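What follows is a set of notes on a single structure, which appears directly below.
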There are 2 protein chains.
Amino acid sequence: MTNSKTISTNSSRAEQTRAAILKAAIREFGAHGLSGARIDAIAQAASANKALLYYYFKNKEGLYSAAIESVSAEVVHNALAALDPKYSPGERLLRCALNHFDRILTKHEFQSLLQQEMVRVQRNEHHGETAFFQSTFRPLMERLLSAVEEGVRAGELCKAEPMQVVYAIFGTNVFYFLSAPMVATALGIEPFHPQALEARRRGAVQLWGNALFVDRAHGAKLVQKVLRQMPMPEVKDFQLRRKFA
Amino acid sequence: MTNSKTISTNSSRAEQTRAAILKAAIREFGAHGLSGARIDAIAQAASANKALLYYYFKNKEGLYSAAIESVSAEVVHNALAALDPKYSPGERLLRCALNHFDRILTKHEFQSLLQQEMVRVQRNEHHGETAFFQSTFRPLMERLLSAVEEGVRAGELCKAEPMQVVYAIFGTNVFYFLSAPMVATALGIEPFHPQALEARRRGAVQLWGNALFVDRAHGAKLVQKVLRQMPMPEVKDFQLRRKFA
DNA sequence: TAGTATTAACTAACTGTTTAATTAATGACG
DNA sequence: CGTCATTAATTAAACAGTTAGTTAATACTA
């Protein structure tokens with residue numbers, strides 16, 4: 001939709017550079033925001049000439065939009081997988097919470113970019129990507145809300161406002177990673193240590209197991225099952241971020 | 001500590017302008033971040049000459065630091081009030097959740113600025129404000145954590161990682177306001193409508209009443225009491241934010 | 001060779017910061 | 001009290017560095 005150039009031929013060198021630019025843009029925009037990101041930095045990171053960015057994506061905003069759309073699509077696609085109806089509604093939520101945590105952990109550049117976009121929309125600095133957001137995020141939201149409603153109806157989950165549950169699950173994860181560096185300096189702890197991460201991941205899903213289910217024992221059992229089936233992914237470079245930018 | 005000029009005489013015209021600059025800076029930095037904020041914009045909003053910002057605060061970063069410190073101090077001071085030991089540990093947490101929600105609601109420019117700072121610390125772009133953060137946020141954190149621990153020990157609250165509870169309470173509120181505009185465009189709802197806000201506020205504290213307490217009936221009772229004693233404050237200009245950059 | 005992909009050099013606008021000059025406040029002192 | 005000297009507060013204008021965006025020329029390739 002935003003792409004000025006639709007990918008016509010199959011992957012030639014052109015597409016490779018285009019992909020490299022997009023990848024570098026996700027990093028740079030996520031790290032510095034739209035205004036803070038530097039076109040030259042993106043070009044250099046993609047080892048492409050600056051003018052190429054204008055060749056493939058109309059301008060800075062065009063590149064930003066493309067980055068957002070690319071990331072959003074992949075994130076939603078990923079999250080939807082955790083909401084498989086073959087699991088009970090409660091288990092779906094637990095899986096979704098874990099999946100969300102793991103996604104932030106392994107793809108923090110995605111998360112940074114989405115956060116940047118959230119504050120940008122908050123300031124009404126977005127212009128007309130409404131249609132894209134609707135088509136992308138709406139299905140995810142609907143599956144989430146209906147999972148809560150279904151769970152409440154079936155007597156598995158406590159009566160609660162569905163939206164509130166969604167805010168709580170995602171908000172806890174987002175806020176953990178968002179505040180972690182500040183918590184680290186303020187309290188002198190190390191929230192990105194693999195052990196701390198593992199504990200937090202388990203703690204989060206245990207909290208929801210205890211909080212949302214009518215039968216807390218049943219919740220705890222599901223937590224154990226889900227934790228067993230979804231081990232924490234390898235975390236590669238979280239300590240490296242200190243050195244980096 | 002950061003102030004190059006210590007306030008010597010009592011409020012003359014000089015102090016007024018200094019305060020005006022600081023207030024404008026909080027707005028501008030909160031709205032656009034450190035790099036996005038424009039010195040000219042702050043000067044104009046404070047109806048002060050640009051060079052005055054350099055006269056009172058050494059440079060852009062100095063002004064930013066002053067804004068952060070001012071906001072942080074007030075926020076922490078405000079939050080500590082809700083943690084009065086005369087309430088039971090569980091009630092303290094509920095009050096803290098409500099207090100936090102209300103602060104974001106009434107002083108969104110504070111929240112914006114703190115969020116900006118969080119992502120800034122996340123990028124390791126802070127330089128040496130560590131001491132300030134420690135002295136300011138540590139007492140709050142300690143009172144929060146000890147409230148959870150005390151509540152668990154007394155059998156009022158479910159066994160849970162104290163930090164996890166803190167992340168959940170604050171994270172839910174932060175994420176609600178952070179994601180609301182995006183949710184609004186993505187789902188076509190109006191999260192800043194006073195009725196929606198009231199529902200969300202009640203929903204949040206009800207969720208915690210149901211989630212954290214061993215005796216859910218007791219939790220629900222406390223929720224009712226706290227909601228009665230802490231009515232939602234008047235919200236003045238949340239709809240105006242649409243017009244306002 | 002014709003069109004696509006890529007590059008290097010260039011520009012116009014913007015922004016944080018400084019400087020030097022001007023006005024207001026404060027204090028000294030006859 | 002008044003007059004002057006000194007400091008504090010404020011202003012307008014310019015500087016210096018940076019950045020998004022352009023252009024015109026060049027390499028590649030089908």
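Proteins come first, then strands; the chains are lettered A, B, ... in the order of their sequence lines, and each starts at number 1. Since we're looking at a predicted model, the values are computed, not measured.
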Counting only side-chain heavy atoms from C-beta out, which of [options] sits nearest to [X]?
| X | options | answer |
| --- | --- | --- |
| B/Ala51 | D/dA20, C/dA5, C/dT18 | C/dT18 |
| A/Tyr54 | D/dA12, C/dT17, D/dG21 | D/dG21 |
| B/Asn59 | C/dT6, D/dT11, C/dT17 | C/dT17 |
| A/Lys60 | D/dG21, C/dT7, D/dT11 | D/dG21 |

Length of the line joining [X]:[atom1] and [N]:[atom2], which is rounded to integer Å:
| X | N | atom1 | atom2 | result |
| --- | --- | --- | --- | --- |
| A/Asp40 | D/dT18 | CG | P | 11 Å |
| A/Leu52 | D/dG21 | CG | P | 15 Å |
| B/Glu61 | C/dT17 | CD | P | 8 Å |
| A/Tyr56 | D/dG21 | OH | P | 19 Å |
| A/Leu53 | C/dT6 | CG | C1' | 12 Å |
| A/Ile39 | D/dT22 | CD1 | C1' | 13 Å |
| B/Tyr64 | C/dG16 | OH | P | 15 Å |
| B/Ile21 | D/dA9 | CD1 | P | 11 Å |

For this session: Determine whether the aromatic ring centres of A/His108 and A/Phe177 lie less than 6.0 Å apart.
Result: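 No, ring centres 6.0 Å or more apart.
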Exercise. Is the shortest side-chain N to carboxylate O distance from B/Glu74 to B/Lys107 below 4.0 Å?
Worked result: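 Looking at B/Glu74 and B/Lys107, the cut-off is met.
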Exercise. So does A/Arg201 pair up with A/Glu198, basic N to acidic O under 4.0 Å?
Worked result: no
Using a cut-off of strictly less than 4.0 Å, decide whether [X] has a side-chain nitrogen or oxygen near OP1 or OP2 of [N].
| X | N | result |
| --- | --- | --- |
| B/Arg38 | C/dG16 | yes |
| B/Asn49 | D/dA12 | yes |
| A/Thr17 | C/dT6 | yes |
| A/Tyr55 | C/dT7 | no |

Exercise. Is any N or O donor-acceptor pair between the side chain of A/Lys50 and the base of C/dT7 shorter than 3.5 Å?
Worked result: no
For this session: I would like to know whether B/Leu187 and A/Phe133 meet side-chain contact (heavy atoms from CB on, under 4.5 Å); could you show each step before the answer?
Result: CA-CA 9 Å; B/Leu187 281 82; A/Phe133 282 141; over 6 Å; no
Exercise. Parallel, tilted or perpendicular: which describes the rings of A/Tyr64 and A/Phe29, with under 30° parallel and over 60° perpendicular?
Worked result: perpendicular
Exercise. At under 4.0 Å between heavy atoms, what does B/Ala43 touch on the DNA or RNA strands: base, sugar-phosphate, or nothing?
Worked result: nothing
